[in-house]
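Some notes on the structure that comes next.
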Amino acid sequence: MVKPSRSYRVFQGVNGVVLTLVVLVTLYPFANILARSFSGERQIRAGEVTLLPKGFNLTTYKIVFQDEMFWRNYGNTVLYTVVATAVAMVLTTCYAYVLSKKHLKGRGVLVGVAVFTMFFTGGLIPNYILVTSLGLKNGVWAIALPNAISVFNLLVMKAFFENLPADLEEAAQIDGLSTYGILLRIVLPLSKAVVATMVLFYSVSFWNSWFSAFLYMDQTDLMPVTVYLRNLIQGATGGGNAGAGTEQLSQVGANIQSVTIVLTALPILCVYPFVQRYFVSGVMLGAVKG
């Protein structure tokens with residue numbers, strides 16, 4: 001075994017120190033937000049909260065958790081995120097796989113249509129009229145279909161598919177696989193990294209989205225949790241939250257933003273470690289021999 005040189009050991013030490021500082025700087029805002037969500041109103045206003053809660057209390061969490069509408073809206077968010085992500089992944093994957101074939105006739109036109117939508121849209125009012133006329137309001141499809149394909153994600157998947165060895169697909173064709181068989185049994189198993197990344201991108205986008213539901217949903221029990229928390233913030237900062245006393249309102253107004261961030265970010269933070277391993281895996285390891 002070759003012994004590392006002195007300069008390489010110095011590099012490793014400096015690199016470790018720098019990366020540790022980067023991690024600490026990155027984690028500090030999250031730790032501060034978490035501490036503020038459990039802190040008292042006076043300590044927050046005085047700027048005494050850093051990494052640990054001061055004046056520990058659960059007032060805001062109790063106000064939110066005891067509300068039946070919160071859990072109903074939270075369930076809506078889970079449903080909308082799962083359905084919309086599934087629809088987006090199916091459409092984006094199929095579209096990207098088609099665009100990755102350089103021999104496809106009209107490929108340039110299809111790419112141009114996709115790129116065009118990155119810079120030009122129909123506008124808010126035409127989109128609202130379209131969704132309403134199609135009967136998609138007050139339903140999950142109002143969330144899923146208008147935002148089904150992200151052109152950025154599409155181009156990323158297209159570039160990934162283009163880098164896959166053509167030999168694999170040719171061998172699969174010789175073995176009698178159809179186009180869909182090649183996509184499902186050859187391409188997608190080798191594309192776990194990019195698929196996991198796109199699932200994370202789409203799920204985070206739909207989970208945090210609130211404007212589409214705010215625009216297309218007329219009933220409170222159909223709203224996602226992001227709209228619920230937005231309304232809670234407005235009620236707290238405006239001094240008009242029905243069902244909460246003056247003391248509670250004061251407490252909510254002091255740390256509602258921190259509680260909001262914790263409640264909306266926690267599910268994604270729990271899912272991320274299970275997806276992150278695909279980012280660094282050798283996606284083509286062992287796929288092609290010789």
Side-chain angles (χ1 to χ4, degrees), residues 12-78 81 196-197 199-201 203-211 223-280:
Q12 285 184 312
V14 174
N15 193 37
V17 172
V18 172
L19 291 179
T20 301
L21 292 176
V22 171
V23 170
L24 293 177
V25 170
T26 304
L27 291 179
Y28 176 79
F30 292 98
N32 180 256
I33 288 295
L34 185 62
R36 287 168 60 92
S37 69
F38 290 103
S39 298
E41 176 233 347
R42 183 184 62 80
Q43 288 79 5
I44 294 175
R45 296 187 184 279
E48 300 176 0
V49 182
T50 53
L51 295 177
L52 297 176
K54 298 290 183 66
F56 185 85
N57 79 93
L58 299 173
T59 303
T60 306
Y61 283 104
K62 289 180 180 178
I63 293 174
V64 175
F65 287 160
Q66 291 175 356
D67 191 349
E68 181 182 350
M69 187 59 65
F70 168 78
W71 295 109
R72 183 175 301 175
N73 291 160
Y74 216 99
N76 292 339
T77 299
V78 174
T81 301
T197 303
V199 168
L200 183 64
F201 285 174
S203 59
V204 170
S205 175
F206 288 120
W207 183 273
N208 293 329
S209 176
W210 66 272
F211 187 71
M223 297 292 185
V225 71
T226 48
V227 176
Y228 172 90
L229 295 174
R230 171 188 175 275
N231 294 338
L232 186 60
I233 291 175
Q234 285 191 333
T237 55
N241 188 3
T246 305
E247 182 179 353
Q248 287 182 322
L249 273 178
S250 178
Q251 176 61 41
V252 169
N255 67 350
I256 183 61
Q257 292 182 342
S258 302
V259 173
T260 300
I261 295 174
V262 171
L263 293 177
T264 54
L266 185 61
I268 298 299
L269 293 177
C270 293
V271 171
Y272 182 81
F274 298 97
V275 181
Q276 189 262 352
R277 65 190 181 96
Y278 290 105
F279 298 167
V280 295

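Scanning for side chain to side chain donor-acceptor pair (under 3.5 Å) contacts around E68 gives R72, with sequence neighbours left out. Looking at residues two or more places apart in sequence or on another chain, you find no ring-ring contact (aromatic ring centres under 6.0 Å, His included) involving F206. For S209, the side-chain contact (heavy atoms from CB on, under 4.5 Å) partners two or more places apart in sequence, or in a different chain, are S212. For E48, the side-chain contact (heavy atoms from CB on, under 4.5 Å) partners at least two apart in sequence or on another chain are R42, Q43, A46.
The distance from atom CE of M223 to atom OH of Y228, rounded to the nearest 0.5 Å, is 14.0 Å.
Each of V78, N208, T77 was compared with P224 under the side-chain contact (heavy atoms from CB on, under 4.5 Å) criterion, and only T77 meets it.
In this structure, S205 contributes its side chain and F201 its backbone to no donor-acceptor pair below 3.5 Å.
The shortest side-chain heavy-atom distance between V227 and N73 does not fall under the 4.5 Å cut-off. Using a 4.5 Å cut-off on side-chain heavy atoms (C-beta onward), W210 and V225 make no contact. With contacts defined as side-chain heavy-atom distances shorter than 4.5 Å, the pair S37/V259 qualifies. F65 places a side-chain heavy atom less than 4.5 Å from the side chain of L263. Residues L34 and V262 are in side-chain contact: their nearest non-hydrogen atoms beyond the backbone lie under 4.5 Å apart.
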Under 3.5 Å, which donor-acceptor pairs link side chains of residues 16-32 to any protein atom two or more places apart or in another chain?
| residue | atom | partner | partner atom | Å |
| --- | --- | --- | --- | --- |
| T20 | OG1 | G16 | O | 2.7 |
| T26 | OG1 | V22 | O | 2.7 |
| N32 | ND2 | V49 | O | 3.3 |
| N32 | ND2 | T50 | O | 2.9 |

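Among pairs with a residue in residues 33-57, those fulfilling ring pair (Phe, Tyr, Trp, His ring centres under 6.0 Å) read F38-F56, F38-Y61, at least two apart in sequence or across chains.
For CG of L266, the number of neighbouring non-hydrogen atoms (other residues, nucleotides, ligands) closer than 6.0 Å is greater than 12.
Ring centroid separation for the pair W207 and Y74 comes in under the 6.0 Å cut-off.
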